[in-house]
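Predicted, not measured: the structure shown is a model, and the values here were computed from it. These values consider heavy atoms only, across backbone and side chains, with no hydrogens, waters or symmetry-generated copies.
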Amino acid sequence: MEGKNEQRAGLLYGIGAYVMWGLVPLFWPLLKPSGAIEILAHRMVWSLGVVTIALLALRRWAWIGALVRDRRKLALISVAAATITVNWGLYIWAVNNGQVVEASLGYFINPLVTIAMGVLLLGERLRPVQWVAVATGLAAVLVLAIGYGRPPWISLVLAFSFATYGLIKKKVNMGGLESLAAETAVLFVPALGFLLWLAATGKSTFTAGGTGHGFLLAATGIVTAIPLICFGAAAVRVPLSTLGLLQYLAPIFQFGLGVVYFKESMPPERWAGFALVWLALSLLTWDALRTARRNRALAVKLLATAAAAPATATPTPEGAAILPGDAAPLGGTTTPAPEAATTTGTEAPNPTQQKIT
């Protein structure tokens with residue numbers, strides 16, 4: 001009974017995290033007339049404050065010393081910080097410039113880009129259905145490029161920057177709050193310096209926009225941290241396959257807001273491109289669920305064999321044990337939203353490392 005309650009709570013946390021990430025396009029326009037770079041700088045500064053308070057409350061600071069002594073990990077954190085800066089900044093700019101639908105497309109195609117990077121950079125092998133899904137995604141980009149008269153560059157930059165960020169985070173191997181704290185610490189000095197420069201030159205909107213506007217800019221830290229905390233609570237309570245399904249909630253909500261609330265145009269060629277993307281994601285979902293069921297059946301068989309002959313070790317065909325409940329995330333990825341750490345390939349990642357913004 002307690003286990004079911006934990007899973008139910010985890011599902012609610014996960015839904016809450018992805019719904020908040022999906023509704024975040026409603027927040028960024030409230031920060032006008034602040035520009036995207038000023039909003040981004042405030043987000044970096046205030047996010048560090050919020051996650052620092054959370055880490056102090058949880059008494060999770062022992063990792064700092066080990067990180068400072070590890071130059072390689074520090075370098076990777078710095079690259080991750082630079083990559084997520086591009087992702088965050090472009091996303092804010094896109095939302096505040098009437099490109100919510102194209103921004104949502106970036107997070108729809110992100111799992112496909114992540115899989116492609118796993119093949120090209122890590123030499124991973126795909127199942128036939130995954131190849132079909134990737135090819136369908138490429139066809140979707142071509143259709144959208146023809147329809148736009150240009151490549152959907154906002155979507156592509158968001159997808160590739162997010163996939164790159166996930167690849168780096170896979171190598172860093174840190175928890176969500178810890179990694180966000182480290183990344184925003186790297187970004188804190190330049191972000192604060194930029195805000196001070198804006199104030200010195202009279203271009204800052206932090207105080208010029210009034211007290212309410214200042215509070216909204218400070219709330220960027222809460223908007224960043226709260227969904228991440230909910231995601232972390234979900235990741236330790238529900239299977240990766242469940243998180244893999246939930247990850248599509250964020251771009252679905254973003255797409256819906258773009259069409260219904262912001263009333264962005266959807267000509268036939270755009271619908272056709274999105275339909276191909278959704279077909280590709282449906283193929284990934286079906287393949288992942290089928291693979292998860294197969295893995296569980298194999299795990300049960302192996303455990304039964306081990307119970308019958310406890311002295312005999314029975315390896316899997318790949319030579320690695322499969323535990324009950326293990327399931328590869330959809331398409332080899334578990335992707336939250338804009339600042340999530342993603343993984344590539346078919347191995348099951350540590351879900352606590354993955355987040356969106």
Side-chain angles (χ1 to χ4, degrees), residues 21 24-25 27-28 31 34-52 67 72-97 99-100 102-104 106-107 110 113-114 117 153-172 174-198 203-206 217-228 231 250 254 335-342 353-357:
W21 280 320
V24 78
F27 178 71
W28 303 125
L31 304 181
S34 299
I37 297 179
E38 183 180 3
I39 295 171
L40 176 63
H42 276 285
R43 188 180 191 184
M44 295 170 180
V45 170
W46 295 107
S47 292
L48 179 60
V50 173
V51 296
T52 298
L67 176 61
R72 178 180 176 276
K73 188 171 285 190
L74 275 177
L76 289 173
I77 285 287
S78 299
V79 176
T83 305
I84 202 61
T85 296
V86 173
N87 187 276
W88 284 3
L90 179 58
Y91 185 78
I92 294 169
W93 179 89
V95 170
N96 284 355
N97 285 272
Q99 301 293 331
V100 177
E102 189 172 343
S104 74
Y107 296 109
N110 176 71
V113 172
T114 302
M117 290 180 67
W153 68 271
I154 294 174
S155 305
L156 293 174
V157 172
L158 288 174
F160 276 92
S161 61
F162 200 44
T164 302
Y165 176 70
L167 181 63
I168 297 168
K169 293 294 288 294
K170 178 182 175 69
K171 295 182 179 297
V172 170
M174 290 177 62
L177 276 177
E178 291 87 346
S179 62
L180 182 60
E183 291 153 16
T184 50
V186 170
L187 301 169
F188 179 81
V189 172
L192 182 61
F194 176 73
L195 293 178
L196 293 175
W197 176 80
L198 287 179
K203 298 178 181 179
S204 173
T205 64
F206 183 63
L217 286 172
T220 55
I222 298 174
V223 168
T224 300
I226 296 300
L228 173 62
F231 179 81
Q254 293 166 10
T335 311
E339 86 197 8
T342 60
Q353 300 170 28
Q354 309 185 32
K355 60 182 188 300
I356 296 192
T357 294

Worksheet item: Stepwise, does the side-chain contact (heavy atoms from CB on, under 4.5 Å) test hold for Leu158 with Val86?
Response: CA-CA 8 Å; Leu158 288 174; Val86 173; over 6 Å; no
Testing the basics here: between [X] and [Y], what is the closest heavy-atom pair and its distance to 0.1 Å?
X: Gly221; Y: Val50; value: C-CG2, 3.7 Å
X: Pro190; Y: Val186; value: CD-O, 3.7 Å
X: Ala181; Y: Leu48; value: O-CD1, 3.6 Å
X: Asn110; Y: Ala163; value: OD1-N, 3.4 Å
X: Gly106; Y: Ala159; value: O-CB, 3.4 Å
X: Pro227; Y: Ile222; value: CD-O, 4.0 Å

Under 3.5 Å donor-acceptor, [X] side chain and [Y] backbone:
X: Asn97; Y: Trp93; answer: yes
X: Glu183; Y: Val79; answer: no
X: Asn87; Y: Ser161; answer: no
X: Glu38; Y: Thr205; answer: yes
X: Ser155; Y: Glu102; answer: yes

Can you tell me how far [atom2] of [Y] sits from [atom1] of [X], rounded to the nearest 0.5 angstrom?
X: Leu187; Y: Ile84; atom1: CG; atom2: CD1; result: 9.5 Å
X: Leu228; Y: Ser47; atom1: CG; atom2: OG; result: 9.5 Å
X: Leu76; Y: Lys171; atom1: CG; atom2: NZ; result: 8.0 Å

Would you say that [X] contacts [Y] through its side chain, given a criterion of any heavy-atom pair below 4.5 Å between the two side chains?
X: Leu31; Y: Thr220; result: yes
X: Thr224; Y: Leu180; result: yes
X: Val24; Y: Trp28; result: yes
X: Ile168; Y: Ile77; result: no
X: Gln254; Y: Tyr91; result: yes
X: Ser34; Y: Leu217; result: yes

Item to complete: Give a yes or no on this: more than 12 heavy atoms of other residues, nucleotides or ligands lie within 6.0 Å of atom CD1 of Ile37.
Response: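 For Ile37, atom CD1 is not crowded (no more than 12 foreign heavy atoms under 6.0 Å).
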Worksheet item: Taking the six-membered ring for Trp, are Tyr165 and Phe160 ring centroids under 6.0 Å apart?
Response: no
Worksheet item: Using 30° and 60° as the class limits, which term best fits the ring planes of Phe162 and Tyr107: parallel, tilted or perpendicular?
Response: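 Perpendicular.
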Discussion item. For Phe206, give me all partners under ring pair (Phe, Tyr, Trp, His ring centres under 6.0 Å), at least two apart in sequence or on another chain.
Written reply: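 Counting only residues at least two positions away or on another chain, Phe206 forms a ring pair (Phe, Tyr, Trp, His ring centres under 6.0 Å) with His42.
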